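Taking it in order: structure first as structure tokens, then the write-up.
Per chain, numbering begins at 1; letters A, B, ... match sequence-line order. A quick note: this is a predicted structure, and the numbers were derived from the prediction, not measured.
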There are 2 protein chains.
Amino acid sequence: MSLRHAILVLLQDQEASGYDLAREFANSIGLVWNATHQQIYLELGKLNEKDMVKFRHIPQDGKPDKKMYRITEEGRDELIRWLRKPAAPPRIRDAFMVKIAGGALSDPSSILRELEDQADLRRERLNTFEDLARKLDDRDSDKNMYTYLTLRRGILDQQAWLNWAEEVRSELRRREDLTTSV
Amino acid sequence: MSLRHAILVLLQDQEASGYDLAREFANSIGLVWNATHQQIYLELGKLNEKDMVKFRHIPQDGKPDKKMYRITEEGRDELIRWLRKPAAPPRIRDAFMVKIAGGALSDPSSILRELEDQADLRRERLNTFEDLARKLDDRDSDKNMYTYLTLRRGILDQQAWLNWAEEVRSELRRREDLTTSV
DNA sequence: TAACCCATGTAATCTGTTACATGATTCC
DNA sequence: GGAATCATGTAACAGATTACATGGGTTA
């Protein structure tokens with residue numbers, strides 16, 4: 001329900017096309033909310049109908065035309081209304097963790113294999129976020145402070161995950177020692 | 001897509017009614033996957049059609065009848081097939097974090113208020129998970145080890161969140177000092 | 001007497017995913 | 001020559017949420 005608001009947050013700072021937004025969802029805001037281009041184009045259509053955004057056509061040569069969207073007064077009002085209401089708690093749906101919870105059914109080696117794949121991903125993300133955080137030179141501007149805090153959230157999250165992975169490794173190792181020593 | 005598998009994981013250990021499962025989704029496995037009773041009843045219906053579970057009627061007095069579900073061979077096969085495939089990465093949809101990312105639009109005091117509400121919730125969860133982890137006496141059984149690891153994931157996650165909240169507080173405080181001192 | 005627990009579900013709606021579609025340009 | 005980038009979308013389907021429905025028993 002708040003793909004809408006994530007889009008409005010992005011349109012706060014700049015006029016953007018659906019394509020631009022999709023790219024940002026793959027980067028910056030994607031850290032906290034992700035969406036595909038299909039969803040974005042659909043939602044932009046709805047936002048336009050409700051006069052929360054408006055757009056202008058930009059013909060380009062060599063490239064397809066663009067629709068550059070801008071937030072309207074109504075859009076800003078909607079966003080501010082939403083910001084005032086307490087946020088719905090995120091719903092947790094982590095398939096990998098379902099596997100861990102049901103781990104007794106698989107074998108440790110296949111769990112470890114997938115754990116390492118996931119860990120690679122997390123390490124990669126951690127690096128990306130740390131790079132981005134380092135590049136935020138002026139943390140004293142309002143906007144940058146919130147971007148920084150968002151990145152910190154991502155960083156702490158990845159670190160916590162990696163620490164947990166280390167615990168999993170040592171538990172599984174301990175377990176192996178127990179069974180082989182019998 | 002893996003509500004199905006979360007249910008099958010739960011039915012691994014014990015026969016259960018939809019109601020029982022809903023309770024567990026609110027507790028144990030809810031830590032990694034959540035679902036409402038409507039979804040669960042629907043999915044149990046589908047699983048039954050596909051012969052992945054079967055049920056028997058238990059009449060009760062003073063209470064409504066129950067349907068106690070059990071996993072079948074087909075169900076176990078499906079679960080094992082699923083466990084072998086790499087899990088889809090969880091999609092991130094955190095409305096509160098969208099608010100932080102768009103924080104420059106609200107005022108620090110309302111952000112702090114909501115931060116504290118969320119922190120209360122996280123602290124509560126942390127306590128619950130820590131209690132449950134402490135009560136897991138015999139960590140050497142396969143099943144308990146995986147439950148323990150699942151709980152550890154929840155614990156590290158809550159801690160990381162709370163540490164982040166502390167960073168937010170000090171950043172906002174620093175920010176306030178900057179603006180009031182001008 | 002009100003709220004909550006037990007126990008099941010259906011229906012309407014909203015969101016999200018996957019597949020399909022087009023077409024020029026640029027980079028390897 | 002093939003893949004990726006730019007740029008837009010539609011349609012079918014799957015998954016999730018919200019509202020509605022029932023009704024006895026227990027606890028505050």
Side-chain angles (χ1 to χ4, degrees), chain A residues 1-8 15-27 29-30 32-50 53 55-69 82 85 87-95 98, chain B residues 1-8 15-27 29-30 32-50 53 55-69 82 85 87-95 98:
Chain A
M1 232 269 275
S2 27
L3 167 59
R4 161 161 310 176
H5 305 103
I7 289 174
L8 291 174
E15 195 184 25
S17 68
Y19 193 84
D20 295 335
L21 293 172
R23 255 210 275 75
E24 291 195 72
F25 271 99
N27 298 313
I29 207 160
V32 295
W33 196 280
N34 53 29
T36 58
H37 81 269
Q38 292 92 333
Q39 267 179 288
I40 291 164
Y41 285 120
L42 222 62
E43 190 60 40
L44 281 172
K46 287 184 202 163
L47 282 167
N48 183 54
E49 269 176 44
K50 291 184 192 256
V53 299
F55 67 91
R56 57 199 180 101
H57 259 285
I58 311 280
Q60 299 187 110
D61 44 71
K63 290 178 187 174
D65 294 359
K66 270 186 192 223
K67 285 181 176 181
M68 291 298 279
Y69 287 88
W82 179 77
K85 291 190 309 185
R91 56 206 204 318
I92 304 158
R93 268 165 209 184
D94 190 331
V98 172
Chain B
M1 235 265 278
S2 27
L3 167 59
R4 160 162 310 176
H5 306 102
I7 289 175
L8 291 175
E15 195 185 27
S17 67
Y19 193 84
D20 295 335
L21 293 172
R23 256 210 275 71
E24 291 196 72
F25 271 98
N27 299 315
I29 206 158
V32 297
W33 196 279
N34 53 32
T36 59
H37 80 268
Q38 292 92 333
Q39 268 179 286
I40 292 164
Y41 285 120
L42 221 61
E43 190 60 39
L44 281 172
K46 288 183 202 166
L47 282 167
N48 184 54
E49 269 177 45
K50 290 182 193 258
V53 299
F55 67 90
R56 55 197 183 103
H57 258 283
I58 311 281
Q60 302 186 109
D61 44 70
K63 289 177 188 176
D65 294 359
K66 271 187 193 222
K67 284 181 176 180
M68 291 297 279
Y69 288 89
W82 179 77
K85 291 190 309 182
R91 41 191 73 50
I92 305 158
R93 268 167 206 182
D94 189 331
V98 172

B:His37 side-chain proximity, nearest of C:dA7, D:dA7, C:dT8: C:dT8
Parallel, tilted or perpendicular, as decided by the 30° and 60° cut-offs, for the rings of B:Tyr69 and B:Phe55: tilted
5'-most by nearest nucleotide on DNA chain C - B:Met68 or A:Asn34: B:Met68
Separation of atom CG in A:Asp65 from atom P in D:dG9, rounded to whole Å: 10 Å
Distance, rounded to the nearest Å, where A:Ile40 contributes CD1 and C:dT17 contributes P: 11 Å
Between CE on residue A:Met68 and OG on residue A:Ser17, distance to nearest 0.5 Å: 6.0 Å
From A:Leu44 atom CG to A:Gln39 atom CD, the distance as rounded to the nearest 0.5 Å: 11.5 Å
Distance, rounded to the nearest Å, where B:Leu3 contributes CG and C:dG16 contributes P: 17 Å
Contact under 4.0 Å: A:Tyr41 side-chain N or O vs D:dT8 OP1/OP2: yes
Of B:Leu42 and A:Trp33, the one whose closest DNA chain C nucleotide lies more 5': B:Leu42
Distance in angstrom units between A:Ile92 CD1 and D:dT17 P, rounded: 12 Å
Touch class at under 4.0 angstrom, heavy-atom based, for B:Arg4 against every strand present: nothing
Sugar-phosphate, base or nothing in reach of B:Gly45, heavy atoms under 4.0 Å: nothing
Minimum side-chain heavy-atom gap A:Val53-A:Leu8 below 4.5 Å: yes
Contact under 4.0 Å: A:Tyr19 side-chain N or O vs D:dC6 OP1/OP2: yes
Sub-4.5 Å side-chain heavy-atom contact between A:Lys66 and A:His57: no
Any A:Lys63 side-chain nitrogen or oxygen under 4.0 Å from OP1 or OP2 of C:dG23: no
First of B:Lys46 and A:Asp20 reached from the 5' end of DNA chain D, by closest nucleotide: A:Asp20
Under-4.0 Å side-chain N/O to phosphate OP1/OP2 contact, B:Arg91 with C:dT17: yes
Below 4.0 Å: OP1/OP2 of D:dC6 and any side-chain N or O of A:Gln60: no
Given D:dA16, C:dC6, D:dC6, the nucleotide with the shortest approach to the side chain of B:Arg23: C:dC6
Among C:dG9, C:dC6, D:dA16, the nucleotide that comes nearest once only the side chain of B:Pro64 is considered: C:dC6
N/O (side chain, B:Gln39) to phosphate O (OP1/OP2, D:dT17) under 4.0 Å: yes
Contact under 4.0 Å: A:Ser17 side-chain N or O vs D:dC6 OP1/OP2: no
Distance in angstrom units between A:Glu43 CD and C:dG16 P, rounded: 8 Å
Sugar-phosphate only, base, or nothing, as touched by B:Gln38 at under 4.0 Å among non-hydrogen atoms: base
Straight-line distance of A:Ile40 CD1 to A:Leu3 CG, nearest 0.5 Å: 6.5 Å
Sub-4.5 Å side-chain heavy-atom contact between A:Arg56 and A:Ile58: yes
Atom pair distance, as rounded to whole Å: CZ in A:Phe25 and P in C:dT17: 12 Å
Side-chain heavy atoms of B:Asp20 within contact of B:Arg23, under 4.5 Å: yes
Of A:Asn34, A:Ile92, A:Asp94, the residue whose pairing with B:Pro90 passes side chain to side chain contact (heavy atoms under 4.5 Å, CB included): A:Asp94
End-to-end axis angle, where each axis spans five pairs of the helix from C:dT1-D:dA28 to C:dC28-D:dG1, to 10°: 50°
Interatomic distance, B:Asn48 CG vs C:dT8 C1' [rounded to whole Å]: 15 Å
Atom-to-atom span, CG of B:Asn27 to P of C:dC5 - whole angstrom: 12 Å
